[in-house]
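Keep in mind the model is a prediction, meaning the values are calculated, not measured.
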Amino acid sequence: MKADDIIPLHVADVTYPELHPLAGQTGPVLAFVIRHPQGIVLIDTGIGEGNAWIDDNYKPRVRPIKDAIFGARVDADTVELIINTHLHFDHAGQNAEFPEITTLIQDEEWEHAWDDGYTVREWIDFPDANYVRITGDSEVASGLRILSTPGHSPGHQSVAVETDDGLVLIVGQAAQDARAFATGPADASVQRLRDLNAAFIHFSHDRAILKKAPKP
């Protein structure tokens, strides 16, 4: 497996609302496909449609997740595993497109998902949903690990993929963007991810990819 077997999917853009730290700015929402030898893995599903509060406050421009996957020349109907970095509306909003598919989520995240205002419940609670709750780190396939990285949300998790080109991280929203990850203040989870010294680092809200400088 190569580093380019981890494919970013641009699944939405949002305009951040007045009380958000990025108020007025437009930002991307990314999901990711992993072409793993044991099957296709999807990290996050983007934003759903039809929620008036989300539409009014974030003005999302949404791309259907299956269209995004097909656009990456991957058959969306072959997804075998979903990993949600967390259950906020912009990361799990189209989970219902994959009924019965095993979807891995931290137990702590699941417990908070039902708090008022935490997410859009109808986007994560649907017929034949198949959530599997885990606690802490877990190796879910050869060379594919979930890392518990709480901070942005109580049960946030990141994904580490061993490739022929070095370690690839999908850090979700453990950091808002590449600059914050590289130079901003680091909580325990960000510091843990930094210490892994990955060759490539992907973010859910930044199309930039951090790359480790080659050795001279």
Q) With a 4.5 Å limit on heavy-atom distance, are the side chains of His202 and Leu30 in contact? A) no
Taken in chain and number order and not counting sequence neighbours, the residues that satisfy ring pair (Phe, Tyr, Trp, His ring centres under 6.0 Å) with His156 are His86
query: Same hydrophobic cluster for Val62 and Ile124, using side-chain heavy-atom links shorter than 4.5 Å among ILVMFWY?
result: no
>> Is there a side-chain contact between Glu108 and Glu111 in this structure, where contact means two heavy atoms from C-beta onward sitting under 4.5 Å apart?
In response: no
Taking every heavy atom of Tyr118 against every heavy atom of His112, the minimum-distance pair comes out as CG-O, 3.3 Å
Apply side chain to side chain contact (heavy atoms under 4.5 Å, CB included) to residues Leu22 and Gln176 and explain how you reach the verdict.
CA-CA 10 Å; Leu22 299 175; Gln176 179 69 24; 3.7 Å; yes
task = Spell out, as yes or no, whether a donor-acceptor pair under 3.5 Å connects the side chain of Gln94 to the backbone of Ile65.
result = yes
### Query
Are any of the side-chain heavy atoms of Phe200 and Val168 separated by less than 4.5 Å?
yes
- Does some side-chain heavy atom of Glu80 sit less than 4.5 Å from a side-chain heavy atom of Ile40? no
With sequence neighbours left out, the residues meeting side chain to side chain donor-acceptor pair (under 3.5 Å) with Tyr131 are Asn95
Residue pair Ile83, Ile34: steps toward the side chain to side chain contact (heavy atoms under 4.5 Å, CB included) verdict | CA-CA 11 Å; Ile83 301 171; Ile34 302 173; 6.0 Å; no
**Item:** Check: Gln106 side chain, Gln157 main-chain N or O, donor-acceptor pair, under 3.5 Å
**Value:** no
Is the shortest heavy-atom distance from the side chain of Ile170 to the side chain of Ser158 under 4.5 Å?
no
Practice prompt. Give the C-alpha distance, both sets of side-chain angles, the deciding distance and a yes or no for side chain to side chain contact (heavy atoms under 4.5 Å, CB included) between Trp123 and Thr45.
Written response: CA-CA 10 Å; Trp123 290 353; Thr45 62; over 6 Å; no
Closest non-hydrogen contact found for Gln173 with Ser204 is N-OG, 4.1 Å
For this session: Please examine the side chains of Met1 and His36, heavy atoms only from C-beta on, and report whether any two atoms are closer than 4.5 Å.
Result: yes
For the hydrophobic clusters of this structure (ILVMFWY residues joined by side-chain heavy atoms under 4.5 Å, transitively), does one cluster hold both Phe98 and Phe89?
yes
Checking Val140, Leu167, Val159 against Arg145 for side chain to side chain contact (heavy atoms under 4.5 Å, CB included), the one that qualifies is Leu167
Between Glu109 and Ser153: side-chain donor-acceptor atoms closer than 3.5 Å:
yes
| message | For Pro28, is there any backbone N or O sitting under 3.5 Å from a side-chain donor or acceptor partner on His205? | response | yes
Open item on the list: Is it true that Asp137 and Ser148 share a donor-acceptor pair across their side chains at a distance under 3.5 Å?
Closed with: no
| With under 30° as parallel and over 60° as perpendicular, where do the rings of Tyr16 and Tyr58 fit, or are they tilted in between? | perpendicular
For Ala208 and Ala178 the tightest heavy-atom approach is CB-CB, 4.3 Å
**Prompt:** Just wondering, are more than 12 heavy atoms of other shown residues or ligands nearer than 6.0 Å to CD in Glu139?
**Reply:** yes
Minimal heavy-atom distance between Ile201 and Ala198, with the atoms involved, is CG1-CB, 3.9 Å
Between the CD1 atom in Ile105 and the CG atom in Asn84, the distance rounded to the nearest 0.5 Å is 5.0 Å
Closest non-hydrogen atoms of Ile69 and Ala76, given as atom of the first, atom of the second and distance, are CG2-CA, 3.7 Å
Keeping Thr103 on the side-chain end and Ile101 on the backbone end, is there a donor-acceptor pair under 3.5 Å?
yes
### Query
Can you check whether Leu169 reaches Leu196 side chain to side chain, under 4.5 Å on heavy atoms?
yes
Scanning both residues in full, the closest heavy-atom pair of Leu9 with Ala68 reads CD2-O, 3.6 Å
Salt bridge (Lys or Arg N to Asp or Glu O under 4.0 Å) assessment of Asp116 paired with Arg121: CA-CA 9 Å; Asp116 288 343; Arg121 291 181 185 174; 3.0 Å; yes
Over 60° means perpendicular and under 30° means parallel, so tell me whether His91 and His152 are parallel, tilted or perpendicular.
tilted
Quiz item: Is the backbone of Lys59 close enough, under 3.5 Å, to the side chain of Arg61 for a donor and an acceptor to pair up by distance?
Solution: yes
With no hydrogens and no angle check, is any side-chain donor or acceptor of Asp165 less than 3.5 Å from a backbone partner on Ala3? yes
Check whether any side-chain heavy atom of Leu193 lies under 4.5 Å from a side-chain heavy atom of Leu147, and answer yes or no. yes
- Message: Determine whether a donor-acceptor pair (N or O, by modelled atom type, separation under 3.5 Å) exists between the side chain of Asp5 and the backbone of Lys2.
- Response: yes
Between the main-chain N or O of Gly172 and the side-chain N or O of Asp44, is there a donor-acceptor pair closer than 3.5 Å? no
### Message
Using modelled atom types and a 3.5 Å cut-off, is there a donor and acceptor pairing between side-chain atoms of Thr119 and backbone atoms of Leu87?
### Response
yes
query = Within the distance-only criterion (no hydrogens, no angle test), does the side chain of Asn51 pair as donor or acceptor with the backbone N or O of Ile54 below 3.5 angstrom?
reply = yes
